[in-house]
Amino acid sequence: MLKQNLQQKLLQKLSPQQIQFIKLLQVPTVSLDTRIKEELEENPALEDISLANINEPEEQYPDRDPDEDTYNGDEEKGEMDEFNIDDYLQEDNVNDYGSRYDQNGDDEDERKEIPIAVQSSFFESLQSQLDLLPVSDKDFAIGKQIIGSLDDDGYLRRPIMSLTDDLAFSQNVMAEDEEVEDMLKVIQSFDPAGVGARSLQECLLIQLRKKDPNDPIIKKAIMVVEDYLDEFTRKHYDKLERSLNMNSIELRGVVNEILKLNPKPGDSNEVSTKQMQVIPDFHISNNDGTLILTLNSKNAPELKVSRSYQEMFQHYDKASQKDKKLKEAVQFVKQKLDSAKWFIDAIKQRQQTLLKTMNAIMQYQYDFFLTGDDKNLKPMILKDIADRIGMDISTVSRVANSKYVQTEHGTFLLKSFFSEAIQTESGEEVSNKEVKKILEEHIGQEDKRHPLADEKLTDILKDAGYNIARRTVAKYREQMNIPVARLRKEL
C-alpha cells in the first residue's frame, strides 16, 4: 500500500567559495605554497604577481585591521548578460592584501637554498658493509635478503624460516635455516652496533659484547640484561642489588652503562627528511609593553586575474555573432575567471579569519604574551574566541589546530593556549596549565631516589589551594608524558 507524506527538511548548502575557504583555512602555512601552485597550474586565468615582478623590491605595508573587509560567502552568480568583468579586473602591481604583513626578510634576494647533507641511508650503509665481505654468491644473497627484511629500527622481526622461503621462491636460492642464522650473525657484527637483533634483549647484548669483556661493569651489565631485564625495566633496584650482590654505587655504574646503549640502532644513521618544518603564521612583538600582531607574508600571496583572459572574455563577449563553439569558449573563459576570483577571495578571507582569530587570542591572553609565563594563561575554550569574533566554533578549531605564532618567548601552536578552568579554594578560576606547571616544577625538584607519587602530588596541590582529585593529577601527568613515580626512580 502506497502512502504519500509531506515532509519539510532544513538543509544548509555551502557555496563553492565557502568550501574553497574551509579547505584553505585548515592548510598550514608550510603547505599553502603547494596548494597555490596547484591552483595556478589548473587555472590559467590565475596569475602570481610576485612571479611576474620577481625583480621588483617587495613592497612593505602597515599591519591590516583584522576586522575590515569582511567576506560575504553567499555571493551569487549572475546570468551571462549580467556578468561584470569589473569584478575581475585588478590593476597590475596593485594588491590590497599582498605581502604587507611580514617584515622579516622574505625578499627573493634574501632567500637562499638550505644545504642538505649528503648521507647514506641506514640500509645503504649495511649494504656497503656487505659488499666489502669476501663471501660466496649464496651468502651474499642471504645477507642481502636479511638486510632487506630489517625494519626501520634495525630489528629483524621475521622468523628465519620465512627468510629461507623467500630466498627459495623469489631468488631461487636454496638455503638451510642454519646458513641464514650464520649470515645473520655476520650482519649483527655490522655498524651500528645492535643491528639485526630479534629482540630488545638481543640488541642490548650485541652492543655490550662489543665492549671490553674484561671490564667488571660490562660483565655485570651483561648479567642484568641476560637474566634480570624485566626487573631492570621496572626499576626494581633493591632486587637487583640482592640478586647480584652489589651495592648501590656498583649498580649505578651498571645502570648507566645500559642506559648508554641504543635500543633502536636503525635510527642512528637515518637522514631525517620527514619532519615537517614549522613556519609561524603570525609574529607577535613587544613594543614597550604594547603587543603588535603581524601575519606572515607567506599567508598573503600576490594573486590576480590574468589580463589576457580578461581581454579574451571581452573579445568573445562582444562578438556580434556567436556560434556554438564561440559560446562554449565564452563559457569556458567565464568559468576560469569565476574560479580565479573565487580562489583569490578565499585566500583573502583566509587572511582575515586568521588575523581576527589570532587578534582575539592575543587580547584574551595578553599577560601571557607579555611575560611568557604559563601561570599567566587564562582558562580559554574555543567558544570564548568564537563569541568574540562572531564565528563558528569549528572555524576557530580549524585555525587553532594547524597554525603557529612566533613570540619572543618561543613558537607555539595556537591550540596550546586553550585550556580548562580549575577553581581554587578562594573561588578564583585558573587555567589547568597553571596546575600542570606546578606539577612539572615539583616533579623536576623531587628526590629521584624517592619520587613523588600521585597521592603526594595531590596533597601538595591541595596545600597550594588547588582542590583536584588524584585521578586528575594522573591525567595531567600523562598529558605531559611524565611516567609514574616508580619509573622516575634513579639511583
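Index from 1, following the sequence.
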Indicate yes or no for a side-chain donor-acceptor contact from Glu202 to the backbone of Arg198 under 3.5 Å, with no hydrogens or angles considered. yes
Locate the shortest heavy-atom distance separating Glu408 from Leu370; write the atom from each residue and the value. OE2-O, 4.0 Å
Side-chain touch Lys383/Val396, heavy atoms, less than 4.5 angstrom: no
All heavy atoms of Ala360 vs all of Arg388, minimum pair found to be O-NH1, 4.1 Å
Do Gln201 side-chain atoms and Glu226 backbone N/O form a donor-acceptor pair below 3.5 Å? yes
Distance in Å, Ile218 CD1 paired with Ile258 CD1, rounded so as to fall on 0.5 Å steps: 9.0 Å
For Lys239, the salt bridge (charged side-chain N to carboxylate O under 4.0 Å, His left out) test, sequence neighbours excluded, returns Glu231
Is there a side-chain contact between Ser339 and Gln335, using heavy atoms and a 4.5 Å cut-off? yes
Are any side-chain N or O atoms of Glu241 and backbone N or O atoms of Leu251, one a donor and one an acceptor, separated by less than 3.5 Å? no
Is Leu354 close to Gln351 at the side-chain level, that is, under 4.5 Å between some pair of heavy atoms? no
N/O donor-acceptor pair under 3.5 Å between Arg488 side chain and Leu452 backbone: yes
Minimum heavy-atom separation for Leu25 to Ser402, with atom names? O-OG, 4.4 Å
Contact between Lys235 and Val255 at the side-chain level, heavy atoms closer than 4.5 Å - yes or no? no
Compare all side-chain heavy atoms of Val405 with those of Thr411 and state whether any distance is below 4.5 angstrom. no
Validation row: Ile482, Leu439 side chains within 4.5 angstrom (heavy atoms): no
Kindly indicate, with the supporting measurements, whether the criterion side chain to side chain contact (heavy atoms under 4.5 Å, CB included) is fulfilled by Val484 and Arg477. CA-CA 8 Å; Val484 295; Arg477 177 180 50 72; 3.5 Å; yes
Show your working on side chain to side chain contact (heavy atoms under 4.5 Å, CB included) between Met358 and Asp281 and close with a plain yes or no. CA-CA 10 Å; Met358 186 63 235; Asp281 298 78; over 6 Å; no
Test your reading of the model: is there a side-chain donor-acceptor pair from Thr371 to the backbone of Asp367, 3.5 Å cut-off? yes
Please determine whether the number of non-hydrogen atoms from other residues, nucleotides or ligands lying under 6.0 Å from atom CZ of Arg158 exceeds 12. yes
Quick one: CG on Asp454 to OH on Tyr476, what's the gap to the nearest 0.5 Å? 13.5 Å
What heavy-atom pair brings Ile361 and Phe369 nearest, and what distance separates the two atoms? O-CE1, 4.0 Å
Check the pair Ile284, Ile292 against side chain to side chain contact (heavy atoms under 4.5 Å, CB included), reporting the backbone distance first and the verdict last. CA-CA 6 Å; Ile284 292 180; Ile292 299 173; over 6 Å; no
Main-chain N/O of Trp342 paired to Asp345 side chain as donor or acceptor, under 3.5 Å: no
Quick check for you: to the nearest 0.5 Å, what is the distance between Arg35 atom CZ and Ile347 atom CD1? 8.0 Å
Could you tell me which non-hydrogen atom of Asn262 sits nearest to which non-hydrogen atom of Cys203, and how far apart they are? O-SG, 3.7 Å
Measure the acute angle between the ring planes of Phe412 and Phe368, then classify it against the limits of 30° and 60° as parallel, tilted or perpendicular. perpendicular
Taking the side chain as C-beta and beyond, is there a heavy-atom pair between Phe343 and Asn43 under 4.5 Å? no
Hey, is CG on Asp447 packed in by over 12 heavy atoms from elsewhere, all under 6.0 Å? yes
When rounded to the nearest 0.5 Å, the distance separating CE of Met223 from CG of Leu208 is 13.0 Å
Is Thr233 reaching over with its side chain to a backbone N or O of Asp230, donor-acceptor style, under 3.5 angstrom? yes
Point-to-point distance, once rounded to the nearest 0.5 Å, from NZ of Lys210 to CG of Leu205: 13.0 Å
Indicate yes or no for a side-chain donor-acceptor contact from Asp153 to the backbone of Lys264 under 3.5 Å, with no hydrogens or angles considered. no
Value for CG (Asn376) from CD (Gln365), rounded to nearest 0.5 Å, stands at 9.5 Å
Determine whether a donor-acceptor pair (N or O, by modelled atom type, separation under 3.5 Å) exists between the side chain of Tyr364 and the backbone of Lys378. no
May I ask you to decide if Ile249's main-chain N or O and Asn247's side chain share a donor-acceptor pair within less than 3.5 Å? yes
Test log, rule side chain to side chain contact (heavy atoms under 4.5 Å, CB included), inputs Leu244 and Lys220: CA-CA 8 Å; Leu244 296 171; Lys220 289 185 178 179; 5.6 Å; no
Residues that Glu38 engages under salt bridge (charged side-chain N to carboxylate O under 4.0 Å, His left out), provided they are two or more places apart: none
May I ask you to test the Phe232-Val225 pair for a side-chain heavy-atom distance under 4.5 Å? no
Considering all heavy atoms of both residues, which atom of Ile468 and which atom of Leu461 are nearest to each other, and what is their separation? CD1-CD1, 3.5 Å
